[in-house]
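Take a look at the structure below.
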Amino acid sequence: MQKIFKGYKTVFFILCLLMSLAYPLAAQDKLDSLTDDMKNEMFRRLKHFTFGFYIDAYYNGTLNSKQDTSNIVPFSSNCPIQNQIRLNVAAIEISYTAEKVRGKLAIQFGDAPNLLAAPEAQFIRNLRQANFGFRLGKKIWLDFGYFLNPVGIESSWPVLNYLSTVSVGGYYEPGSVLGVKLTWNASDKFWGGIMAGNPYSLAYAKNTHMAGLTFIYYKPIPSLTINYNNFFGNQALVDADIENNILYNNLIIMYNPVDQLFLTGQFDFAAQTNSSMKPDTNKTATMFSGMVQAKYTFLKKYSVSARYEFFNDYDGFLSGVYYYNGQWRGLMTQGFTVGFEYKPVKFGYIRLEYRHMFAAEGNYIYHNGDSDQLQSVVFTTGIRF
């Protein structure tokens, strides 16, 4: 009996110990758990956020490239490495939109981000956007930070284009801007704004001179949008004795006559002071470029696209100067691209494109200086959600 009693004493002691431990644990659990008010506040804040992911892979097969010892395709805004399976972009996007404040952060990795940042600005190659803003009035926003440049309809992100590859003119358009932006949403038919800051791109190296931009959108009917953008400022280095004042004009017309058909035309004209070739380098140099493209969607998941493009920078103030056929001049190219797209899901795509580029006859800028033409078959696939 004494042994049994001692056994009961032991069991009773253990139960009391467990009960004493359970009480603070239960109290702690209740204290640390989210109350309904805390949950409601959390969900209220999260409803203003949107999160996105984007991944794009590619294969750029260059035809007749046996003599090409370089693996970089010239004038590429994306899909730059030939004859390899590569990653174009892997990105994370975070947006915050509320009644009086908004913000956007987009971080990117891959081949495309490494292309378009000047050597002295490589620290921003993985930063696509980083900006925030405040509503100043019912239709006016003031934003600060790192912005995409409104000039040009093409993007280095293939998912945003009819065709994955970007035109030569798009390659030389002004890049992203670190500064301030004022936007006025006047009505459903008219909106626009102005920007000021430092540009970051290959053609416009970052310097201490400020650049200005204007963007205007007009939508007279639901199926037609007319967009004018410009870029202006002194693009000379800070210690230069002369000024290279540029005015870059960009006109885009988008027309959607029926649900399945999308038409786009773009024309760029730029002029820069003190940039002409010798013998009179004080003259103003000019550049023309443009493209027309179309996309037709059928059976909901399939589409075909085509683009014709041209680029003419006679004095080479953007593209640099080449010597061929006994003369010096800047880059002149034209070409066409056709592509087929299949969308297995709404947020994914598989594309196959054929691209044929022509430089001015005798200007051997392709295939490592061996040809004035370039033919490529480009495969891209990606998802963005």
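No hydrogens, no waters, no symmetry mates; every other heavy atom, side chains included, goes into these values. Note that this is a predicted model, so its numbers are computed, not measured.
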Please work out which of the three classes, parallel, tilted or perpendicular, describes the rings of [Y] and [X], given edges at 30° and 60°.
{"X": "Phe311", "Y": "Tyr172", "answer": "parallel"}
{"X": "Tyr217", "Y": "Trp191", "answer": "parallel"}
{"X": "Phe75", "Y": "Tyr366", "answer": "perpendicular"}
{"X": "Phe190", "Y": "Trp184", "answer": "perpendicular"}
{"X": "Phe134", "Y": "Phe132", "answer": "perpendicular"}
{"X": "Tyr354", "Y": "His356", "answer": "perpendicular"}

Legend entry - Heavy-atom side-chain proximity of Ile94 to Phe49 below 4.5 angstrom: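 The answer is yes, as the side chains (C-beta and beyond) meet within the 4.5 Å cut-off.
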Legend entry - Side-chain ion pair, Arg384 and Glu93, N-O less than 4.0 Å: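 Counted as a salt bridge, because a side-chain N and a carboxylate O are separated by less than 4.0 Å.
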Inset, instruction - Tell me yes or no: between the side chains of Gln327 and Asn325, is some donor less than 3.5 Å from an acceptor? - result: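 Note: Gln327 and Asn325 side chains miss the donor-acceptor criterion.
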Checking the side chain of [X] only, and the main-chain atoms of [Y] only, is there a donor and an acceptor separated by less than 3.5 Å?
{"X": "Thr381", "Y": "Tyr349", "value": "yes"}
{"X": "Asp313", "Y": "Ser319", "value": "yes"}
{"X": "Asn60", "Y": "Ser376", "value": "no"}
{"X": "Gln266", "Y": "Ile253", "value": "no"}
{"X": "Asn230", "Y": "Asn249", "value": "no"}

List for me each residue that meets salt bridge (charged side-chain N to carboxylate O under 4.0 Å, His left out) alongside [X], sequence neighbours excluded, and say none if there are none.
{"X": "Asp315", "answer": "none"}
{"X": "Glu353", "answer": "none"}
{"X": "Arg128", "answer": "none"}
{"X": "Asp111", "answer": "Arg86"}

Inset, instruction - Tell me whether Trp157 is reachable from Tyr58 by hopping between hydrophobic residues (I, L, V, M, F, W, Y) whose side-chain heavy atoms are closer than 4.5 Å. - result: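 Hydrophobic grouping puts Tyr58 apart from Trp157.
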Inset, instruction - Would you name the heavy atoms of Asn78 and Ser155 that are closest together and state the gap between them? - result: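 Closest approach of Asn78 to Ser155, heavy atoms only: ND2-O, 3.9 Å.
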Legend entry - Atom pair CD1 (Ile242) and CG (Asn282), whose distance is rounded to the nearest 0.5 Å: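 It is 7.5 Å, given to the nearest 0.5 Å.
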Inset, instruction - Mark yes when over 12 heavy atoms from residues, nucleotides or ligands other than Glu99 sit less than 6.0 Å from its CD; otherwise mark no. - result: no
Inset, instruction - Sequence neighbours left out, what passes side-chain hydrogen bond (donor to acceptor under 3.5 Å, both in side chains) with Gln293? Give chain and number order. - result: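 Scan of Gln293 (side-chain hydrogen bond (donor to acceptor under 3.5 Å, both in side chains), adjacent residues dropped) gives none.
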Legend entry - side-chain hydrogen bond (donor to acceptor under 3.5 Å, both in side chains) involving Asn312 - partner list, sequence neighbours excluded: Arg329
Legend entry - Check against salt bridge (Lys or Arg N to Asp or Glu O under 4.0 Å), Arg102 and Asp143: CA-CA 8 Å; Arg102 65 186 181 185; Asp143 297 276; 2.6 Å; yes
Centroid separation under 6.0 Å, is that true for the rings of [Y] and [X]?
{"X": "Tyr248", "Y": "Phe231", "answer": "no"}
{"X": "Tyr59", "Y": "Phe379", "answer": "no"}
{"X": "Phe336", "Y": "Tyr308", "answer": "no"}

